[in-house]
Engineer: 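A single structure is presented below for examination.
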Amino acid sequence: MGFREDFLWGGATAANQCEGAYDVDGRGLANVDVVPIGEERFSIIAGKRKMLDFEDGYFYPAKEAIDMYHHYKEDIKLFAEMGFKTYRLSIAWTRIFPKGDEREPNEKGLAFYEDLFKTCQQYGIEPLVTITHFDCPIHLIKEYGGWRNRKMIEFYERLVRVLFTRFKGLVKYWLTFNEINMILHAPFMGAGLVFEDGENEQQVKYQASHHELVASALATKVAHEVDPENMVGCMLAAGLNYPYTCKPEDVFLAQQKDRENYFFIDVQSRGEYPAYALKELERAGIDIEMTEEDLALLKNHTVDFISFSYYSSRVVTTDPKLNEQTEGNIFASVKNPYLEASEWGWQIDPLGFRTTMNALYDRYQKPLFVVENGLGAIDTPDEAGYVKDDYRIDYLREHIQAMKDAVEIDGVDLLGYTSWGCIDLVSAGTGEMKKRYGFIYVDRDNAGNGTLKRTKKKSFDWYKKVIASNGEDLA
Ligand code: BG6
């Protein structure tokens, strides 16, 4: 009963939110570097406001982030102390191919990750590697228009071949694209899309999605060829849409909204464009260019497991008067009157986590992996620098319990759990440092001040106990 013996407990980060060192050892510039903190951030992320380089008058938090590039040994040591079995991190594409279209990789970038993986290995930590976590080389955006261009499949293939070959024996678990469905809401992140006035944005987004889906299938193929031990997963920004009422129109709308997200995973897991998507694309006048070879790749190289992030459920309604909104992961939702919310307005719904897990397992019948979950909160250290983050412990306890119920009571097959931002890092949505998720406090503020000192929070010892008891002791 309970979690499997080899359950992969751990934490997750993304290169651009923690590494910093944006121009060190030959690293090239990426989209994620040039999104500043502040009011314009969202329009840039959404591809509406073009910012392809640093501009005067802005603060760019990813430039230094928490400087994990120079602190990874210390940080991984702390993860090991908590008992991590896995550590989810992402590769910065521009460390390996600074411009993206070179023939030869940058050795210094490869050496960095090699040493990082070896450090993990030394502590018995299994790396879980996201190949692209929202990043795309700026050069590929300027020269090719990002993922709207089919050439991107070739550049991505170059990247993954190098990674799978070089890190064979060091890395076994791979995720092709972080939150692939986010392309619909934050197309500059991940897909490097910037729209021209009057352009059919939906057409561009779905064409770019197709390229990513094909690239993902190709990566799965190559991963298995290079090492049959490799396990490749897709990654969904999950969270079901609840109908606001039992009015059939609301229920139907919730199903439609869920399909917007499932679409990506349906292709990656079942190997085909689902019928509902083909119909919807046709109605919307979206014509995706795809080849027979694409279709064969999608069909023959589906993912081994389904990974996802879960922070909150969402709510939809057909009633225009019910328009009170609440914030959520990148995009807002109708407010659920039955739920509390975090300081950033993300509603807290542990049972929704269990429901989401069941929905995914029912749909795909493949092992699941929870690769993000957590509470973004303001932490205030006491005079000794200690953070008593009972609110975070409460959030995680309830979510881990819900996850346990999904496994123990409902029979969901779950490989592991990596809580988001196991060490404080830059927020993807807002660019803030003060929105913290970690078990480890990092002394740095929104303006980039601070010593970068790492300090264990109360949740550090709590999570250590959770892992040691394989999820039995959540007290
Ligand atoms: C997910 C992303 O969308 O949510 C992470 O994969 C992100 O990169 C996380 O950090 C939490 O969002 P935020 O906006 O609080 O950082």
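Order of appearance sets the numbers: ligands from 1, and atoms from 1 within every ligand.
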Engineer: Taking salt bridge (charged side-chain N to carboxylate O under 4.0 Å, His left out) as the test, write out the residues that go with Lys257, two or more places apart.
Structural biologist: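 Partners of Lys257 under the salt bridge (charged side-chain N to carboxylate O under 4.0 Å, His left out) test: Glu260.
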Engineer: Show me the side-chain donor-acceptor pairs of residues 366-373 shorter than 3.5 Å, one per line, residues at least two apart or across chains.
Structural biologist:
| unit_1 | atom_1 | unit_2 | atom_2 | d |
| --- | --- | --- | --- | --- |
| Lys366 | NZ | Ser269 | O | 3.1 |
| Lys366 | NZ | Val303 | O | 2.7 |
| Glu372 | OE1 | Tyr311 | OH | 2.6 |
| Glu372 | OE2 | Arg88 | NH1 | 3.0 |
| Asn373 | OD1 | Tyr417 | OH | 2.7 |
| Asn373 | ND2 | Tyr310 | O | 2.8 |
| Asn373 | ND2 | Tyr395 | OH | 3.3 |

Engineer: Test of understanding: with side chain to side chain donor-acceptor pair (under 3.5 Å), list the residues that count as partners of Glu179, not counting sequence neighbours.
Structural biologist: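 Ser309, Asn329.
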Engineer: Select all protein residues for which some heavy-atom-to-ligand 1 distance is less than 4.0 Å, and list them by chain and number.
Structural biologist: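 For ligand 1, the residues that come within the 4.0 Å heavy-atom cutoff are Gln17, His133, Phe134, Asn178, Glu179, Tyr311, Asn329, Trp346, Glu372, Trp420, Ser427, Ala428, Gly429, Lys435, Tyr437.
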Engineer: Aromatic contact between Trp174 and Phe167, with the criterion being ring centroids under 6.0 Å apart: yes or no?
Structural biologist: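 Not close enough - the centres of the two rings lie 6.0 Å or further apart.
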Engineer: Does the structure place the NZ or CZ of Arg158 under 6.0 Å from the centre of the six-membered ring of Phe97, at an angle of no more than 45° from the ring's axis?
Structural biologist: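 Checked: cation-pi criterion not met.
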Engineer: Take Thr326 and Gln347 through the test side-chain hydrogen bond (donor to acceptor under 3.5 Å, both in side chains) and record every step on the way to the result.
Structural biologist: CA-CA 8 Å; Thr326 186; Gln347 293 199 283; 4.6 Å; no
